[in-house]
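Along the sequence shown, the residues carry numbers beginning at 1. Counting starts at 1 for both ligands and their atoms, following the listed order. Quick note: numbers below take in every heavy atom, side chains included, and nothing from hydrogens, waters or symmetry partners.
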Amino acid sequence: MSTTFQLDTSTSRANPTPQPMRRLTVPALRGRKADGVTGEPVVMLTAYTARQAQLLDAHCDLLLVGDSLGQVIYGLPSTVPVTLRMMADHAAAVVRGSYHAVVAVDMPFGSYEASPQQAFESAAFLLKESGAAAVKLEGGEAMAETVAFLVGRGIPVIGHVGLTPQAVNVLGGYGARGRSEAEAEKIVGDARALCDAGAFAIVVEGVVEPIAVAVTEAVSCLTIGIGASARCDGQVLVTEDMLGMFERVPRFVKRYADTAGVISEAAAQYAREVRDRSFPGVDQTYQPK
Ligand code: KIV
């Protein structure tokens, strides 16, 4: 499959792309945390489509093509069935729709755990197919060797500790992690191992707040919290969650809009107007000159 990274605005309904700026880079982002202090928190949201990326890009430092697309876009029961092909295609769309943020793409379950070599092949496929700049993978210390292997071969990596959704079948659910001392120690140790292996950032998901703070203080790389703490070096949310697309969301989600309500209301009005034949009106029909 050949991939072009520029959106062809002449054939697209999308707004013309603003004057391209230089895209942020991983080293520039990584450089925000120095001597344990992050001046400007990292703003990250998930994106799965070109139009969504266009709307989010100017506001974000990082756009994450998360494997949460399995549930959000495809209606799957978990992220486990998500494939490399799905991730590559959505990541390519997000790259085409953005010009400012660093685009990172999730490595789906089964594409990296077997060996560092398997991880490299999968990550290289994702970056070549999409033009994304970095990958994210789940797991702690057990993934450190793989992270070092990828980083040593030119692939920036974001780690992911705490609640790791791909491990739902082992964890037994999506509850917050780090409530016992042993679990808390493990999470901090996992984050340290990933950071030492060269990860430039670590998503810290669904942990009790003191653990998120401890991780942030323990590592020199960026921590990006979700259900974690405002004291992390940055934050991420699933965009559809914060836009209010779903009725059921985890308690750490703040809804910044009621998009589901707007869509339902618009669809209801459209249906009424089709049924009473008031749509299309004169403005939406072609009349003879
Ligand atoms: O898949 C995803 O969207 C994620 C974020 C929630 C961090 O991993």
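Shortest contact from atom 5 (C) of ligand 1 to any protein heavy atom: Leu64 CD2, 3.7 Å. Regarding atom 3 (O) of ligand 1, its nearest protein heavy-atom neighbour is Ser68 OG, 2.5 Å.
Those atoms of ligand 1 that come under 4.0 Å of a heavy atom in Gly66, given as number and element, are 1 (O), 2 (C), 3 (O). For ligand 1, the atoms lying closer than 4.0 Å to a non-hydrogen atom of Thr46 are 3 (O). Counting the atoms of ligand 1 from 1 in the order shown, those under 4.0 Å from a heavy atom of His160 are 8 (O). Close contacts between ligand 1 and Ile226 involve ligand atoms 6 (C) [criterion: under 4.0 Å to a heavy atom].
A donor and an acceptor atom, one from each side chain of Gln269 and Arg272, are nowhere located under 3.5 Å apart. Counting only N and O atoms by type, the side chains of Gln166 and Thr79 include no donor and acceptor under 3.5 Å apart. Under the 3.5 Å distance criterion, with hydrogens and angles disregarded, no donor-acceptor pair is assigned to the side chains of Glu40 and Thr38.
Taking the charged nitrogens against the carboxylate oxygens, Lys254 and Asp241 have no contact shorter than 4.0 Å, which rules out a salt bridge.
For Lys136, the closest heavy-atom approach to ligand 1 falls below 4.0 Å. Heavy-atom separations between Glu138 and ligand 1 are all 4.0 Å or longer.
Atom OH of Tyr174 has more than 12 heavy atoms from other residues, nucleotides or ligands within 6.0 Å.
Separating the CD atom in Glu121 from the CG atom in Leu84 is a distance of 10.5 Å, to the nearest 0.5 Å. One finds the NE2 atom of His100 at 14.5 Å from the CD atom of Gln54 (value rounded to the nearest 0.5 Å). Here Cys232 contributes atom SG and Glu205 contributes atom CD; the two are 11.5 Å apart, rounded to the nearest 0.5 Å.
Where the criterion is an N or O separation shorter than 3.5 Å, residue side chain and backbone included, Asp67 meets it with respect to ligand 1. Among the atoms of Asp106, some N or O lies under 3.5 angstrom from an N or O of ligand 1.
With a heavy-atom cut-off of 4.0 Å, Ile224 does not touch ligand 1 at all.
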